[in-house]
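Each remark here refers to the structure printed beneath this line.
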Number of protein chains: 2
Amino acid sequence: MPVTIRDVAKAAGVSITTVSRALNGYSDVGEKTRRKVTRIAEELNYRPSAVARSLVMNQTRTVGLLVSELTKERAGHYFMFQVLYGMHDRLAELGYDLILVSTTTARQRLVSYLDFCMERRLDGVIVMGIRLDDPYIQEVVDSPLPSVVIDLPLLSDHCGYVMTDNVHGAKLVIRHLAGRGHRKIGFVNGHSQAAVSRDRKRGYEEGMLQAGLGYDDTQVHEADFTLQGGADGLKHLLQCHPDMTAVFFASDLMAIGGLQYARESGIRSPEELAIVGYDDIELAEFSTPRLTTIRQKRSEMGMRAAEMVVAMMKDHAAPQGVLLAPELVVRDTT
Amino acid sequence: MPVTIRDVAKAAGVSITTVSRALNGYSDVGEKTRRKVTRIAEELNYRPSAVARSLVMNQTRTVGLLVSELTKERAGHYFMFQVLYGMHDRLAELGYDLILVSTTTARQRLVSYLDFCMERRLDGVIVMGIRLDDPYIQEVVDSPLPSVVIDLPLLSDHCGYVMTDNVHGAKLVIRHLAGRGHRKIGFVNGHSQAAVSRDRKRGYEEGMLQAGLGYDDTQVHEADFTLQGGADGLKHLLQCHPDMTAVFFASDLMAIGGLQYARESGIRSPEELAIVGYDDIELAEFSTPRLTTIRQKRSEMGMRAAEMVVAMMKDHAAPQGVLLAPELVVRDTT
DNA sequence: TCTTCTTTCCAAAACCTTTTGGATTTTTGT
DNA sequence: ACAAAAATCCAAAAGGTTTTGGAAAGAAGA
């Protein structure tokens, strides 16, 4: 049904070789024939079949986006959407397409992640929102497929990563709070199955020690990145430490949950309790009071991941670990 | 490099025809050979090439997701992510893959949307977050490619749609507010380039008239679905109508913006001002006070879209217009 | 035993492109 | 005007699968 290269060749009175080379800008085709071919291709509305091309070139120019948290649980969406945006945009610029691969669907549970990529002959994979305990993680690292992971420091022969320097980000928070005179600072962390949680906790700990405030395990509470988790975390922390004057949350969503709990409990922020989040999602700027937080360059994360995976696929570049600098955004809650 | 059907055939001592038919469950292959072939295929870790298959079968089992709002502007993300989830999940179940097509990238501006779909030989398209004034809209309708549009009542030979009954949803809100005794009800709408805005406004108007409250154009304000827009809209409405006791926002995000403006202005909700949103995004349940809103079955929207497009592609089913029922969720702001 | 179905298998064509290795024509150098 | 070099073109192979139209072998019926 669709018009093929043969149709164009016939209409132009040349061989299909010539059509191919004319349209692809090779130098061994005369100027007049080239113009004729392009004109006719235009007229016939010829679109070269990407699948035929993929078959012969042995590359699909497609990268898979493996996201395990594409589930009903929505905690990560605020963060992920914009990473996705930057990633897709840069990939499109580089001439690659993005195909969704979810580990949570029924089909994926049967066909393994790797099988899927092999069958589709994906050129590379970007992994996002994966947990440390995800069974697919080993597959990714072991696979010969070029891959880059977001927010997980996985470095191997075929696997790079890009993430924000979470240790540094957390330290920025503590330094800021200490500078404001806070001595007793709590920390509501995300679940331990996220690499970022580990790093942010380390940053919190080191930051506290460096500020001379000491590290106390009971001032740390592990939640799950959700609004509710943030509220519960704050409640718990304040029960143990009624004299706490500042709390650092490992995500904006949790911080907002905390903010709401505080308001319901009649605790004013920042007067009675300073609150800091992490991520700088859109909502952070519009909460009342406006949330102090750590900004992650989300769309840049996506772009860097895209660039790296393309470099690996195209130029056989070596995978690297990219650490982006976080940025403290001071607003009203501190 | 990867193992092909030829390798399997050779190893099993049969023809490639037999391998193909054995693996695809045809009846004209003996039980013992079938077992042998499957065993060997397993051993060799054979994965049939989807691209070769696509070429010969003339179908890619891939549908494109055309989303024009995959931009830095984040207003729709809270809504779209979960539609995407339902859509992808159902598509995967049905054996189809989802590929992202954005109209906002540099590449798409050169190569038209249709060209992209043709080149990739997509079997179908789902369109989401598109505006009434989007230039691609005509392409979609005219295209012979099976397509279904979300939140835009576009029905043609090859194009169906699924959306929530927004007229009814808005009426539910007005009826609810009128039942609570409100007489002067404002409306902060989304931008006029969204079909949903048109419908929700109609629902508001009809609702007001049916409740005997009359329709007054100055009680309606057009915003843009953003937090800031909601805040500004409420401010404007209250300036014109200080005696307004209830405001209906065409999205939760705007309602939350309104809620925040109200709080900053010392206006308590629901005591002094009832507020209703639309969408029932996660945040609605966690705002203070918790937001009364209209629930859209977002993941069901995605699923229905997926099912329809597959039916059109596979069984040549006729496109339909699907209207899902909205649902009033009463919380604390009314 | 001979014919007629079944069952089981396979060679070859088809899908649409790119690339290889040469062939043919034109231009350049002398 | 002749050899060499450059420019322009093309036939055929390759890529990995499905499907078509038979062929070969075995079983059933006479």
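Keep in mind that this is a model prediction, so the values were computed, not measured. Numbered from 1 within each chain, the chains take letters A, B, ... in sequence-line order.
In this structure, the separation between CG on B/L324 and NZ on B/K297 is 6.5 Å, given to the nearest 0.5 Å. To the nearest 0.5 angstrom, B/S20 atom OG is 4.5 Å from B/I5 atom CD1.
At the heavy-atom level, A/S54 lies nowhere under 4.0 Å from the strands shown. A/V14 comes within 4.0 angstrom of sugar-phosphate atoms only, judged by non-hydrogen atoms across all strands, and of no base.
Between A/S49 and C/dC16, a side-chain N or O to OP1/OP2 separation shorter than 4.0 Å is absent. Note on A/T18: every side-chain N or O is 4.0 Å or more away from OP1 and OP2 of D/dC9.
A/R21 and A/D28 are joined by a salt bridge, as a carboxylate oxygen and a charged side-chain nitrogen come within less than 4.0 angstrom of each other.
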Would you tabulate the nitrogen or oxygen pairs shorter than 3.5 Å linking the protein to nucleotides 18-20 of chain C?
residue, atom, partner, partner atom, Å
C/dT18, OP1, A/N24, ND2, 3.2
C/dT18, OP1, A/R53, NE, 3.1
C/dT18, OP1, A/R53, NH2, 3.2
C/dT18, OP2, A/S20, OG, 2.7
C/dT19, OP2, A/Y26, OH, 2.7
C/dT19, O4, A/T17, OG1, 3.2

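For A/R39, the CZ atom counts as densely surrounded, since its 6.0 Å shell holds more than 12 non-hydrogen atoms of other residues, nucleotides or ligands. Around atom CD of A/E42, no more than 12 heavy atoms belonging to other residues, nucleotides or ligands sit under 6.0 Å away.
Distance, A/Q59 CD to D/dG15 C1': 13 Å, rounded to whole Å. Rounded to an integer number of Å, the gap from NZ of B/K10 to C1' of C/dC10 is 15 Å. Here the C1' atom of nucleotide D/dA12 and the CZ atom of A/R6 are 12 Å apart, to the nearest Å. The interatomic distance linking B/K36 (NZ) with C/dT8 (C1') rounds to 14 Å, in whole Å.
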Inset, instruction - Carefully, step by step, assess A/R61 and A/D123 under the rule salt bridge (charged side-chain N to carboxylate O under 4.0 Å, His left out). - result: CA-CA 6 Å; A/R61 293 194 81 89; A/D123 291 343; over 6 Å; no

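Each of B/L55 and B/D28 has a nearest nucleotide on DNA chain C; the 5'-most of these lies closest to B/D28. Nucleotides of DNA chain C nearest to B/K32 and A/R47 differ in position, and the one nearer the 5' end is that of B/K32.
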